[in-house]
Amino acid sequence: MSSLVSMPKPSKTIPAVVVLGQNERVSAPSKLTAWLLANRVAPAGPESNEKGETHAWWKVMTLTGVDYFSTLSYLPAIAVLAAGALSPVATLLIVLLTLFGMLPMYRRVAKQSPHGQGSVAMLEKLLPFWRGKIFVLVLLGFVATSWIITITLSSADATVHLLENPFVPDSFRDHQVLVTVVLLLVLGGVFLLGFNEAVNVAIPLVVVFLGLNAIVIGVAIDAIVIEPSTFSDWLQRLTASSGNFGDLTRTAVFAFPLLVLGLSGFETGVSMMPLVKSEGFTEYQVLASRVRNTRKLLTTAAVIMSAYLLATSVVTTVLIPEEKFAEGGEANGRALAYLAHLYLGEGFGTVYDISSVLILWFAGASAMAGLINIVPRYLPSYGMAPEWSKAIRPVVLVYTGISIIITIAFDADVNAQAGAYATGILAMMVSGAVAVTIAAVRKRERRAFVGFTILTLVLLYALIANVIEKPDGIAISSLFIAGIITVSLVSRVYRATELRVEKVEFNATARRLISEALAADGQINLIANRRQVGDVAEYAEKEQSQRGINPVPNKARLLFLEVDVVDPSTFSQTLTVRGVEVGEYNVLRVESAVVPNTIAAILLALRDATGARPECHFEWAEGNPIAYLFKYLLFGRGDTAPLVREILREVEKDPARRPGIHVG
């Protein structure tokens, strides 16, 4: 942050708030850089002060729904493969779990995290310091697994629906990976334009797709009415396959983990809460309105999906012979498309195929929106990602690149990615269930505790069953987790000497003490002190020691500067400096995550606020410098003096304006 402005004359009026760097001359970015960094994600938490573009709740529902509703393209076929004639019964379990388990759970999550952090934020509060940060990184690993694989799997499935249409030339069928990559590039291009464009694309896709499905369902029900023998045949198969109630229940329960894909969309819906339009004059009213509208979103989506799931499960099971669902069969992975071609002709069937291709392709938009809204809200604030990762467009480019690499690695195979997809989704659902269960315990809500405990066990069963059935899913999730943790820790070390502070606040006593020190001789001299007892004797001994080893002016009115480390795992923050008088000694105290960066920020704030060049005096630390380096990275303390000097050197390039550091 170099400056060509000379030091101003010292001022005795100390502002209450100093924004660091506001007077610095910054070179204008290039047009490309300005475009890439134009749209940014608001930070997590109440301090976010979100002012981005918002949309009516039903419009945001379509963006989350492209993932949720698109499962109708393949879920009925999966249900028949998993449960045979019992498919409607197994689907009914999913519907009951959706309406009486997942929906109440995520309605609570929405209330507990109105800024869109989801269950991740709820669980983060349970563990302090580094344990909480590592826990969040693990959860974000599962989030990344679920949503990245959603993008790649949905695009791959869209390619399958496209290439299996009878009107598509055979020459295209050997280029599945290439077609999938093109779909991913187009999807990324939509998000580079902005969220508004993504929402505008989602609305017609969802409306048309649900409308076409309603037509197919209506025609299929009419076919069952005309040919009642099809329904009678299904009842006979149901009776023959179920045996007794125990066998029926066991088959449905075993099929449940394979049908969990029909529960996708809830976590994404919560993560996009900042996009939901809300009303109110106060922050409380705005957040309450946002929660109400998000609950409308979740409830409407769940009811629509439940009705469609039940209806499609019945008509596909009744009308389509089971051999058609086998691998290579005409209804494998595309049961409703099969019925559309069978009962409504190739023309309508092709229109349905196009609709399925488009909504499956754009299902990745829901996941992309979720990734954009949640991951950058954590990692940069932890110091575990560069600042540019708060900008939407660079993040879209990164996610698109990762999706292309995964698509090529899996050869655009839908089945190969299904295990990782289900593992990520189930892990997110388990975390949400655990979060609301703990919240119910804290609020002493016995009925809610019992209900959410049962839900947690059901989802945990599904997760374990999925891991046992498809262990590659947890392996892929582990790679994502390891990658996020590794990149995050490297970034944290790389950013260790950043200033970390944008704003410093001084209370009234602090401003008075600074003004008195400045009035004494026009200078500001500080002594860095790690408080032990904080009594007069401690400060007297510290002053005498510093006057013996450092060039402390005899007539200077000294200020002691003390930093209390409260949470060394946090990164950026606003500092509040308090003035304290202990006998005849004047002390500036501040709570922070780290000592050297905080001292550097306060020295720069004093310079900017007063026009005087502060001088700060330290003692050399006794001990191994390497050990102090690790203490600094993990616990916020270390060999403070050289770190403060290095931070100031990086921040202020002009030595004449750099606060003085003296070490004896």
Side-chain angles (χ1 to χ4, degrees), residues 69-96 160-161 164-167 208-245 247-249 251-252 255-256 258-259 261-262 303-357 359-360:
F69 300 140
S70 68
T71 59
L72 292 172
S73 296
Y74 53 82
L75 199 64
I78 293 177
V80 174
L81 282 176
L86 290 172
S87 171
V89 178
T91 303
L92 178 61
L93 284 180
I94 290 291
V95 168
L96 293 176
V160 171
H161 278 72
E164 288 186 356
N165 184 273
F167 293 120
V208 171
F209 181 73
L210 291 181
L212 292 175
N213 274 280
I215 293 173
V216 174
I217 292 169
V219 171
I221 292 175
D222 184 63
I224 294 173
V225 172
I226 294 174
E227 284 288 339
S229 60
T230 55
F231 193 78
S232 302
D233 291 342
W234 171 66
L235 290 178
Q236 291 179 0
R237 287 187 286 125
L238 180 65
T239 304
S241 60
S242 60
N244 54 51
F245 181 77
D247 293 336
L248 186 150
T249 304
T251 302
F256 166 71
L258 299 175
L259 303 181
L261 303 183
V303 171
I304 291 174
M305 187 62 176
S306 296
Y308 271 90
L309 274 178
L310 273 177
T312 56
S313 175
V314 170
V315 297
T316 54
T317 307
V318 171
L319 292 176
I320 303 176
E322 286 195 30
E323 62 270 14
K324 297 288 186 180
F325 292 99
E327 186 173 350
E330 298 174 71
N332 180 254
R334 53 195 307 274
L336 289 172
Y338 173 85
L339 291 179
H341 283 272
L342 179 65
Y343 289 104
L344 292 163
E346 298 295 345
F348 183 91
T350 298
V351 172
Y352 184 88
D353 285 340
I354 294 173
S355 176
S356 296
V357 168
I359 198 168
L360 283 167

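Within the structure, salt bridge (charged side-chain N to carboxylate O under 4.0 Å, His left out) contacts touching residues 208-235 (residues at least two apart or in different chains) do not occur. The salt bridge (charged side-chain N to carboxylate O under 4.0 Å, His left out) pairs that include a residue from residues 338-353 are Arg334-Asp353, where partners are two or more places apart or lie in different chains.
Taking OG from Ser87 and CG from Leu92, the interatomic distance works out to 11.0 Å, rounded to the nearest 0.5 Å. Leu336 CG to Ile215 CD1: the interatomic distance, rounded to the nearest 0.5 Å, is 12.5 Å. Rounded to the nearest 0.5 angstrom, Ile226 CD1 and Ile221 CD1 are separated by 12.0 Å. Note that the CG atom of Leu360 and the CG atom of Leu72 stand 10.0 Å from one another [nearest 0.5 Å]. Taken to the nearest 0.5 Å, the CG atom of Leu339 stands 10.5 Å off from the CG atom of Asn213. Atom CD1 in Ile217 sits 11.0 Å away from atom CG in Leu212 (nearest 0.5 Å).
A distance-only check finds no donor-acceptor pair linking the side chain of Ser313 to the backbone of Leu309 [under 3.5 Å]. The main-chain N or O of Leu210 is found under 3.5 Å from a side-chain atom of Tyr308 such that the two form a donor-acceptor pair.
Take Thr316 and apply the side-chain hydrogen bond (donor to acceptor under 3.5 Å, both in side chains) test, not counting sequence neighbours, and it matches no residue. Annotation: ring pair (Phe, Tyr, Trp, His ring centres under 6.0 Å) contacts of Tyr343 (sequence neighbours excluded): none. With sequence neighbours excluded, no residue forms a side-chain hydrogen bond (donor to acceptor under 3.5 Å, both in side chains) with Tyr338.
Here the closest heavy-atom approach between residue Ala335 and residue Phe325 is recorded as CB-CE2, 3.7 Å. Ser70 and Phe209 make their closest contact through CA-CE2, 4.3 Å (heavy atoms, listed as atom of the first residue, atom of the second, distance). Shortest non-hydrogen contact noted between Arg237 and Thr317 is NH2-O, 3.0 Å. Residues Trp234 and Pro88 come closest through the heavy atom pair CZ2-CG, 3.6 Å. Closest approach of Thr71 to Met305, counting heavy atoms only: OG1-CE, 2.7 Å.
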Just list the side-chain donor-acceptor pairs under 3.5 Å for residues 75-86, sequence neighbours left out, or say none.
none

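Counting only heavy atoms from C-beta outward, the side chains of Phe348 and Val216 approach each other to under 4.5 Å. With a 4.5 Å cut-off on side-chain heavy atoms, Thr312 and Thr91 do not count as touching.
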